[in-house]
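One is the number of the first residue; the rest follow in order along the sequence. Numbering of ligands and ligand atoms starts at 1, following listing order. All values below were derived from every heavy atom in this structure, side-chain atoms included, with hydrogens, water molecules and symmetry-related copies excluded.
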Amino acid sequence: MRGIAVYPGSFDPITKGHTAILQSGLVAFEKIIVAVLNNDNKKALFSVAERMDMIRESAVDMGADPKRIDVDSFDGLLVNYAQRRNARVILRGLRAVADFEYELQMANMNRHLNPEVETVFIMANDAYFYVASNLVKEVTRLGGNVADLVPAPVLPRLLAKFDK
Ligand code: PNS
């Protein structure tokens, strides 16, 4: 299965859970567009520009071929964005059962909106099963150590946000 996949998300910030999905995604797809949702309603810790920078830096840190990863932002409907970028696949990671219902709902809604775009799931690496951006932020805020859970370029930026 080669081609272009869009890997959408909030990425506030990107975690090692995300980079593991990206790494696995590159086994299946020739090119992955990591697309940061540009949503003014959502209270984010990092600006979209900061999130995109961290994704780019993390891709370099991963040793990924820069020609195969594109970092972008989008607003509006994801399926419309995917179509504009000539991507027929939306890539999502699945962790525990808790993710399932939300992902099933989104995948079906997206299929309803555009049957030409298919959602493909990659199972999260068991090492990062419990890693989520929200938890990483909370643990950092409370002084816990997340050094193993975020890509190296993210850590100093995360610590700086919480004056740690
Ligand atoms: O990392 P997240 O916050 O779980 O990602 C959610 C995301 C960005 C994939 C989802 O909110 C999304 O696709 N938003 C774009 C708006 C849209 O297309 N909504 C209809 C799909 S259900």
Next item on the list: Check Asn39 against ligand 1 and report side chain, backbone, both or neither, counting heavy atoms closer than 4.0 Å.
Entry: neither
Next item on the list: Identify, by atom number and element, the atoms of ligand 1 in contact range of Tyr102, meaning under 4.0 Å from any of its heavy atoms.
Entry: 4 (O), 6 (C)
Margin query: If the cut-off is 4.0 Å to any non-hydrogen atom of Leu78, which atoms of ligand 1 fall inside it?
Written below: 13 (O), 17 (C), 18 (O)
Checklist line | Options Leu77, Val6, Asp99, Asp75, ranked by nearest heavy atom to atom 20 (C) of ligand 1, top entry | finding: Leu77
Check: Do Glu103 and Arg95 meet the salt-bridge criterion of a basic N to acidic O distance under 4.0 Å?
Finding: no
Next item on the list: Please identify which atoms of ligand 1 are closer than 4.0 Å to at least one heavy atom of Gly76.
Entry: 15 (C), 16 (C)
Checklist line | Criterion side chain to side chain donor-acceptor pair (under 3.5 Å) on Asp75 and Tyr81, from CA distance to verdict | finding: CA-CA 8 Å; Asp75 44 32; Tyr81 172 76; over 6 Å; no
Item checked: Cationic N near anionic O, under 4.0 Å, Arg157 to Glu50 -> no
Margin query: Can you tell me if Phe129 has over 12 outside heavy atoms packed within less than 6.0 Å of its CZ?
Written below: yes
Margin query: Any non-hydrogen side-chain atom of Thr19 less than 4.5 Å from a side-chain atom of Val150?
Written below: no
Next item on the list: Report yes or no: does a heavy atom of Phe74 sit under 4.0 Å from some atom of ligand 1?
Entry: yes
Note to self: Please determine whether residues Val120 and Tyr7 belong to a single hydrophobic cluster, defined as Ile, Leu, Val, Met, Phe, Trp and Tyr linked transitively by side-chain heavy-atom distances below 4.5 Å.
What the structure shows: yes
Next item on the list: Return yes when Arg92 approaches ligand 1 closer than 4.0 angstrom through a heavy atom, no otherwise.
Entry: yes
